[in-house]
There are 2 protein chains.
Amino acid sequence: MTMPVSTEMRDGLREHRRKLTRPRQAILDIIASAAHHLTPAEIHKLARKKYPHLGLVTVYRTLDLLTEFGYVQRVHFADGCHSYAASAQEHAHHLVCSSCGKAQAFADCDLEPLIASLQRKTGYEINLHVLELMGKCPDCSTRAVALGKNGKRK
Amino acid sequence: MTMPVSTEMRDGLREHRRKLTRPRQAILDIIASAAHHLTPAEIHKLARKKYPHLGLVTVYRTLDLLTEFGYVQRVHFADGCHSYAASAQEHAHHLVCSSCGKAQAFADCDLEPLIASLQRKTGYEINLHVLELMGKCPDCSTRAVALGKNGKRK
DNA sequence: ATGCTAATCGAAAATCTTTTTCAATTACAC
DNA sequence: GTGTAATTGAAAAAGATTTTCGATTAGCAT
Ligand SMILES: [Mn+2]
Ligand SMILES: [Mn+2]
Ligand SMILES: [Zn+2]
Ligand SMILES: [Zn+2]
């Protein structure tokens, strides 16, 4: 009933008028058949077994493409980040403006029900969570309307 | 009523029997008085105004320390990550084992109430969120009990 | 005060990760 | 087949973070 993941990704490329090259096929196969989430370097290493000539640059480019189209997803770690803030309270999360970078902290994440339910279902002992929200702050929203723009930062 | 943030951090260092050096004071002052979250490089640049000799290495080391003690918090971005997984569904999050790295996806994050409430309170137009849970998977929990261990990966 | 010592520092080099450049190659629409 | 824009990989650049190691220093014990 369900279409193979790799087939879906291939069709996705075609739909977006992108070429289905041998390097990309090798990468697609690895991601589609992987049991775990993989880093670009890991994907490169594995995909090279099928297509030894494959460059790491192509892995990065293909991952960007697949992420953009939604066929691949980033998995975040607690320490895969690059910015720090003084903790006002014990526990806090942030709402970061995707346009100007301004952030606002909040503490009431209320994830306990979700966490309890997942612990029950999966048997994991959950002891940490990363929750960050992104969007346009009021200032940037206003400015965007005024300029008729909708650009992202960077 | 509330104690200044920098004082808290200083006391924290003392409590943990760490030295309160001039380089650390400079870093503490910057973080405590910052309105935004700052990258290590930004903190370095700013703190150098107070203590020009300051090395970037010390910034990294101090941030590790303060994070460990809970006086500083990481702020995550949507793209500050290094691992990818094929998306099974449109929307998904992950439960990652902090010991072996094994991950499990889930989709029912149910953040709408929180998001709606924050949009109302802050005026942000929230359009993206990062939610990842970390903990020990059943296998690793069992193994830990068997070995009487409690170590983290890496 | 003075000395002791473990903690800490910073420069430099080593490691990694990711991006940019650019000339050569290739998928694929016609 | 041919033409052309998309794609590729080597190499270099750019960035971020960690390791090394000899010099310095905070904080405690005389
Ligand atoms: Mn929370
Ligand atoms: Mn979600
Ligand atoms: Zn903004
Ligand atoms: Zn595990």
Side-chain angles (χ1 to χ4, degrees), chain A residues 9-30 37-69 72 74-84 152-154, chain B residues 9-30 37-69 72 74-84 152-154:
Chain A
M9 291 199 255
R10 263 159 230 203
D11 292 351
L13 283 182
R14 285 205 198 88
E15 279 167 29
H16 289 272
R17 304 226 188 100
R18 298 315 186 90
K19 294 181 180 175
L20 182 52
T21 62
R22 284 194 59 205
R24 280 181 184 168
Q25 291 194 45
I27 295 170
L28 257 43
D29 285 345
I30 293 304
H37 45 115
L38 302 168
T39 63
E42 287 168 342
I43 292 168
H44 181 225
K45 194 171 184 180
L46 290 171
R48 269 195 152 177
K49 291 179 184 171
K50 290 275 179 171
Y51 188 73
H53 209 57
L54 182 67
L56 178 57
V57 208
T58 299
V59 175
Y60 277 101
R61 289 191 282 228
T62 303
L63 286 173
D64 283 350
L65 212 61
L66 294 176
T67 303
E68 189 183 339
F69 298 162
V72 141
R74 300 180 208 269
V75 176
H76 299 265
F77 294 103
D79 54 359
C81 73
H82 304 285
S83 199
Y84 297 81
K152 287 247 172 177
R153 179 172 60 152
K154 227 188 150 181
Chain B
M9 290 200 255
R10 263 159 231 203
D11 291 351
L13 282 183
R14 285 205 199 88
E15 280 167 29
H16 290 271
R17 305 228 187 99
R18 299 314 186 93
K19 294 182 181 176
L20 182 51
T21 62
R22 283 194 58 203
R24 281 180 183 169
Q25 291 194 44
I27 295 169
L28 257 43
D29 285 344
I30 293 303
H37 46 116
L38 301 167
T39 62
E42 288 168 342
I43 293 169
H44 181 226
K45 194 172 183 178
L46 291 171
R48 268 195 154 178
K49 291 179 184 171
K50 289 275 179 171
Y51 188 74
H53 208 58
L54 182 68
L56 179 56
V57 208
T58 300
V59 174
Y60 277 101
R61 288 192 279 227
T62 303
L63 285 173
D64 283 351
L65 212 62
L66 294 176
T67 303
E68 189 184 337
F69 297 161
V72 141
R74 301 180 206 269
V75 177
H76 299 264
F77 294 103
D79 53 1
C81 72
H82 305 285
S83 199
Y84 297 82
K152 287 243 172 180
R153 178 172 60 153
K154 226 186 148 186

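Per chain, numbering begins at 1; letters A, B, ... match sequence-line order. Everything numeric in this text was worked out from a predicted model, so none of it was measured.
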Distance-only donor-acceptor pairs under 3.5 Å for side chains of residues 45-57 of chain B, two or more places apart:
unit_1, atom_1, unit_2, atom_2, d
Arg48(B), NE, His44(B), NE2, 3.3
Arg48(B), NE, Pro52(B), O, 3.2
Arg48(B), NE, Leu54(B), O, 3.0
Arg48(B), NH2, Leu54(B), O, 3.3

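Sorted by first and then second residue, the salt bridge (Lys or Arg N to Asp or Glu O under 4.0 Å) pairs with a member in residues 15-26 of chain A form an empty list; sequence neighbours excluded.
Separating the CG atom of Leu13(A) from the P atom of dC28(C) is a distance of 9 Å, rounded to the nearest angstrom. Protein atom OH of Tyr60(B) is 13 Å distant from nucleotide atom P of dT19(D), rounded to whole Å. Counting to the nearest Å, the P atom of dC28(C) and the CZ atom of Arg22(A) are 13 Å from each other. Remark: C1' of dG27(D) and CG of Leu20(B) are 11 Å apart, rounded to the nearest angstrom. At whole-Å resolution of the value, CD in Gln25(A) and P in dT8(D) are 11 Å apart. Counting to the nearest Å, the C1' atom of dA7(C) and the CZ atom of Arg14(B) are 16 Å from each other.
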B/S/- contact track for nucleotides 1-6 of chain D, protein heavy atom under 4.0 Å = ----BB
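Considering every non-hydrogen atom in both Pro40(B) and Val59(B), the closest pair reads O-CG1, 3.6 Å. In terms of heavy-atom proximity, Thr67(B) sits nearest to Leu63(B) at OG1-O, 2.6 Å.
Taking Arg14(B) as the reference, Asp11(B) meet the side-chain hydrogen bond (donor to acceptor under 3.5 Å, both in side chains) condition, with sequence neighbours excluded.
The stretch residues 45-56 of chain A comes close to DNA chain D through Tyr51(A), His53(A), Leu54(A), Gly55(A), each having a heavy atom under 4.0 Å from the strand.
Atom-to-atom distance recorded for Ile43(A):CD1 and Leu38(A):CG is 5.0 Å, nearest 0.5 angstrom. Taking CD from Gln25(A) and CG from Asp29(A), the interatomic distance works out to 7.0 Å, rounded to the nearest 0.5 Å.
Residue Arg61(A) has its side chain nearest to dT8(D) when only dT8(D), dA16(D), dA12(C) are considered. Listed candidates were dT17(D), dT7(D), dT21(C). Nearest to the side chain of Thr21(A) is dT7(D).
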Please tabulate, one pair per line, each protein N/O and nucleotide N/O from nucleotides 13-16 of chain C that are separated by under 3.5 Å, including the distance.
none

Determine, stepwise, if the pair Leu13(B) / Leu28(B) fulfils side chain to side chain contact (heavy atoms under 4.5 Å, CB included).
-> CA-CA 11 Å; Leu13(B) 282 183; Leu28(B) 257 43; 4.2 Å; yes
